[in-house]
Protein chains: 2
Amino acid sequence: MPTIKDVAKMAGVSVATVSRVINNSGYVNEVTKKRVEQAISQLNYRPNNVARSLFHGRSQMIALLVPDIMNPFFPELARAVEDFAKLNDYTFVLCNTDDNPEKEMHYIYALEQKSVDGIIVVSSTVTEKSLQGIHVPIVALDRIVSAKLPSITVKNRDGARQAVRYLKQLGCKRIAHICGPDNVSNTKERLGGYIDEVKNEEWFLSSYVVSGDYQYDKAMDATKNLLKSHPEVDGIFVANDLMGVGVLKAAQELGLKVPEDIQIIGFDGISLGEKITPSITTMKQPIYEMGTRAAQLLIQQINEPNQQVQHEEYEVTLVKRESTK
Amino acid sequence: MPTIKDVAKMAGVSVATVSRVINNSGYVNEVTKKRVEQAISQLNYRPNNVARSLFHGRSQMIALLVPDIMNPFFPELARAVEDFAKLNDYTFVLCNTDDNPEKEMHYIYALEQKSVDGIIVVSSTVTEKSLQGIHVPIVALDRIVSAKLPSITVKNRDGARQAVRYLKQLGCKRIAHICGPDNVSNTKERLGGYIDEVKNEEWFLSSYVVSGDYQYDKAMDATKNLLKSHPEVDGIFVANDLMGVGVLKAAQELGLKVPEDIQIIGFDGISLGEKITPSITTMKQPIYEMGTRAAQLLIQQINEPNQQVQHEEYEVTLVKRESTK
DNA sequence: CACCTATATGTAACCCGTTACATATAGTTC
DNA sequence: GAACTATATGTAACGGGTTACATATAGGTG
């Protein structure tokens with residue numbers, strides 16, 4: 001790989017002049033500039049970004065950490081962040097953490113040491129304490145990490161209440177809830193919204209709440225067990241769409257018709273929800289907008305640190321589809 | 001952020017000694033070592049990876065370029081690459097290219113300039129020519145880029161033939177094919193396999209082949225058109241599972257029962273295929289194995305460049321599910 | 001003509017590690 | 001005691017850029 005020195009030598013100038021040409025800074029004679037440019041193209045020279053990063057302490061790169069790359073919700077978020085990053089001349093990279101605290105911190109450390117300019121995290125295991133000594137700007141997305149980190153989330157509790165109310169309105173008499181892992185902030189909020197709406201119903205049983213861990217398989221198993229022991233359940237509010245697909249599968253395997261025998265409403269609004277049959281009614285998050293906004297907040301923070309910490313909450317909207325009547 | 005100098009100053013030694021402690025190289029007195037380690041932990045010092053990368057010319061990072069992060073096939077591949085990378089102490093990052101030649105080359109350039117040690121690409125637009133002047137080791141995955149690049153693929157033609165033969169065996173009399181974008185190597189191979197099996201059938205029509213561009217939406221539209229103009233079609237071989245889901249949706253929207261009225265077989269073996277109802281019969285690729293092997297080949301190439309170029313082809317296996325009888 | 005400014009270019013320090021090489025001391029061997 | 005070795009540590013060059021500062025020339029102003 002040619003270096004700036006090679007270019008300087010070939011063009012018969014100093015490295016400073018070459019640098020000026022590359023960065024379009026300072027004074028450079030038009031004729032000299034041409035000569036340098038020719039040398040650059042002849043040598044097929046491209047400046048070494050590592051050297052640049054070392055000098056500047058920044059790399060024009062941002063990263064997104066997601067807990068589960070196989071849940072389509074996160075690739076959709078990633079698309080948004082990526083697009084916004086590209087528009088702002090940042091290289092975007094995606095990292096998968098499995099919601100594993102060690103992997104998360106490993107990535108955060110590794111990325112900071114690589115002078116990544118900022119990180120967006122979807123995490124439920126990162127804590128304020130574990131972030132001590134970390135200097136990269138971080139924005140939390142989808143899940144709140146700490147009051148000190150800017151965050152982009154949705155009104156989970158509110159959305160959950162809407163979902164349950166809608167099921168009631170459709171005539172459901174016994175509504176169950178498949179929730180996420182209990183350490184995730186939005187699990188608690190969505191569960192809270194469900195409880196708000198059912199706690200005063202005389203039919204409510206605490207065994208109507210089961211965890212599906214935000215995973216397809218677990219949600220399917222959990223639903224089968226639930227419906228076997230509680231055949232009276234005629235509506236399920238599922239904490240995310242991926243689990244919604246599992247719930248659907250479980251119902252179908254038990255010979256139940258959706259939505260005739262049992263109605264299902266999910267959360268997230270991933271595109272998978274409308275691809276399948278029956279398509280899943282859901283509380284849709286503005287995924288693209290959220291990813292974009294998180295990237296925007298991050299880049300703002302990179303450019304001007306010590307900004308006021310913002311917590312933005314987006315609305316969710318009910319999208320009626322085939323899994324409800 | 002503290003630097004090695006700060007540590008050296010605090011421990012009362014030279015930077016060389018600190019470096020020796022960090023890297024466990026050369027001679028360091030036990031007592032000195034303790035002192036240095038204490039200074040490190042007190043300052044919460046972590047070596048700057050950019051400086052290391054600059055010196056060594058390598059970054060212990062590899063990347064995977066995929067054309068469509070929203071197609072679950074690629075996150076599944078990514079998982080495999082990531083796991084293998086981690087086992088070998090490489091940081092792994094994922095980049096999305098949209099199969100857009102500019103984005104692809106942009107990433108390849110950006111990554112090389114960041115001293116990324118190697119790149120695995122799933123690409124149909126990168127050419128041998130566009131790779132001139134690129135020095136990072138590259139391995140092609142899922143799609144062949146050039147004879148000069150090591151590649152990991154599957155026996156697409158063979159798999160396609162198996163799929164079509166299976167549909168015939170199940171009694172299908174008119175078998176159509178939804179193919180991918182025509183510039184993708186495996187599109188041609190899968191189409192080729194289909195043609196092999198149907199070209200001598202007296203019922204075969206060239207209009208039985210339509211493109212779904214490897215996308216859900218397009219596949220759904222294409223299938224609706226196909227089935228409207230050719231209601232006699234009773235079997236479809238779909239070139240990937242994501243499109244398979246779209247084909248399923250199209251059939252259902254037209255009031256056709258799967259597999260009673262029409263049988264569907266996909267390709268890839270993504271887990272989504274078994275999550276939905278009816279689950280999709282498919283030609284399963286050993287996705288995890290392929291990703292792992294690609295990462296392994298890449299790391300081999302990083303450690304010993306100028307290895308012999310290898311092209312490995314994996315077998316695909318028929319997985320019978322509900323979309324066929 | 002003296003002085004000032006805009007233009008043009010080069011020199012060298014700097015970013016932060018790594019490591020070849022130099023230097024120094026203690027212990028061993030003959 | 002001289003010579004050698006293993007241990008211990010420091011100095012400075014290096015990787016590939018960027019940029020503050022120094023220097024030089026041409027043209028303009030009073």
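Every chain is numbered from 1, with letters handed out A, B, ... down the list of sequences.
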List in chain and number order the residues that pass side-chain contact (heavy atoms from CB on, under 4.5 Å) with [X], two or more places apart in sequence or in another chain; answer none if no residue qualifies.
X: B:Lys5; result: B:Thr3, B:Val15
X: A:Pro181; result: A:Asn183, A:Val184, A:Thr187, A:Asp213, A:Tyr214
X: B:Ala78; result: A:Ile69, B:Leu64, B:Phe92, B:Leu94
X: B:Phe55; result: none

Under 3.5 Å donor-acceptor, [X] side chain and [Y] backbone:
X: A:Ser185; Y: A:Ile144; result: yes
X: A:Ser130; Y: A:Val126; result: no
X: A:Ser59; Y: A:Ser115; result: yes
X: A:Asp117; Y: A:Ile62; result: no

Write down the distance between [atom1] ([X]) and [atom2] ([N]), rounded to a whole number of angstrom.
X: B:Ile4; N: C:dC16; atom1: CD1; atom2: P; value: 11 Å
X: B:Met1; N: C:dC16; atom1: CE; atom2: P; value: 10 Å
X: A:Ile22; N: D:dT19; atom1: CD1; atom2: C1'; value: 13 Å
X: B:Gln113; N: D:dG16; atom1: CD; atom2: C1'; value: 12 Å
X: B:Lys5; N: D:dT11; atom1: NZ; atom2: P; value: 13 Å
X: B:Arg58; N: C:dG17; atom1: CZ; atom2: P; value: 19 Å

Exercise. Near DNA chain D, under 4.0 Å by heavy atom, which residues of residues 30-44 of chain B?
Worked result: B:Thr32
For this session: Would you mind listing every salt bridge (charged side-chain N to carboxylate O under 4.0 Å, His left out) that reaches into residues 68-89 of chain B, with sequence neighbours excluded?
Result: A:Asp98-B:Arg79, A:Lys103-B:Glu82, B:Arg79-B:Glu82, B:Arg79-B:Asp83
Exercise. Which residue pairs pass the salt bridge (charged side-chain N to carboxylate O under 4.0 Å, His left out) test with at least one member in residues 13-29 of chain A, sequence neighbours excluded?
Worked result: none
Compare side-chain N and O positions of [X] against OP1 and OP2 of [N] and report whether any pair is under 4.0 Å apart.
X: A:Ser14; N: C:dG10; result: yes
X: A:His56; N: C:dC14; result: no
X: B:Tyr27; N: D:dA8; result: no
X: A:Ser19; N: D:dT18; result: yes
X: A:Thr17; N: C:dG10; result: yes

Problem set entry | Neighbours of DNA chain C within residues 45-54 of chain B, by heavy-atom distance under 4.0 Å |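 B:Tyr45, B:Pro47, B:Asn48, B:Ala51, B:Arg52 - these, ordered by number, are the residues of the stretch whose heavy atoms sit under 4.0 Å from the strand.
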For this session: Taking atom types as modelled, find out whether A:Thr153 and A:Asn186 have a side-chain donor-acceptor pair closer than 3.5 angstrom.
Result: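 Checked: A:Thr153/A:Asn186 side chains show no N/O donor-acceptor pair below 3.5 Å.
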Exercise. Which value, rounded to the nearest 0.5 Å, describes the distance between A:Gln307 atom CD and A:Ile302 atom CD1?
Worked result: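 With rounding to 0.5 Å, CD (A:Gln307) is 11.0 Å from CD1 (A:Ile302).
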For this session: Scan nucleotides 21-28 of chain D nucleotide by nucleotide, 5' to 3', and note B when protein non-hydrogen atoms come under 4.0 Å of the base, S if they reach only the sugar-phosphate, - if neither.
Result: --------
For this session: May I ask you to say what B:Val13 touches in the nucleic acid, namely base, sugar-phosphate or nothing, with a heavy-atom cut-off under 4.0 Å?
Result: sugar-phosphate
Exercise. Just the dot-bracket of DNA chain D, please: which string comes out with Watson-Crick or G-U pairs under 3.5 Å, [ ] for crossing, | for another strand?
Worked result: ||||||||||||||||||||||||||||||
Listing, residues 132-142 of chain A side-chain donor-acceptor contacts under 3.5 Å, not counting sequence neighbours, or none:
| residue | atom | partner | partner atom | Å |
| --- | --- | --- | --- | --- |
| A:His135 | ND1 | A:Gly133 | O | 3.3 |

Problem set entry | 5'-most by nearest nucleotide on DNA chain C - A:Asn29 or B:Phe55 | A:Asn29
Can I get a per-line list of side-chain donor-acceptor pairs under 3.5 Å for residues 30-44 of chain A, giving both atom names and the distance, sequence neighbours left out?
| residue | atom | partner | partner atom | Å |
| --- | --- | --- | --- | --- |
| A:Arg35 | NE | A:Ala11 | O | 3.0 |
| A:Arg35 | NH2 | A:Ala11 | O | 3.2 |
| A:Ser41 | OG | A:Gln38 | O | 3.3 |

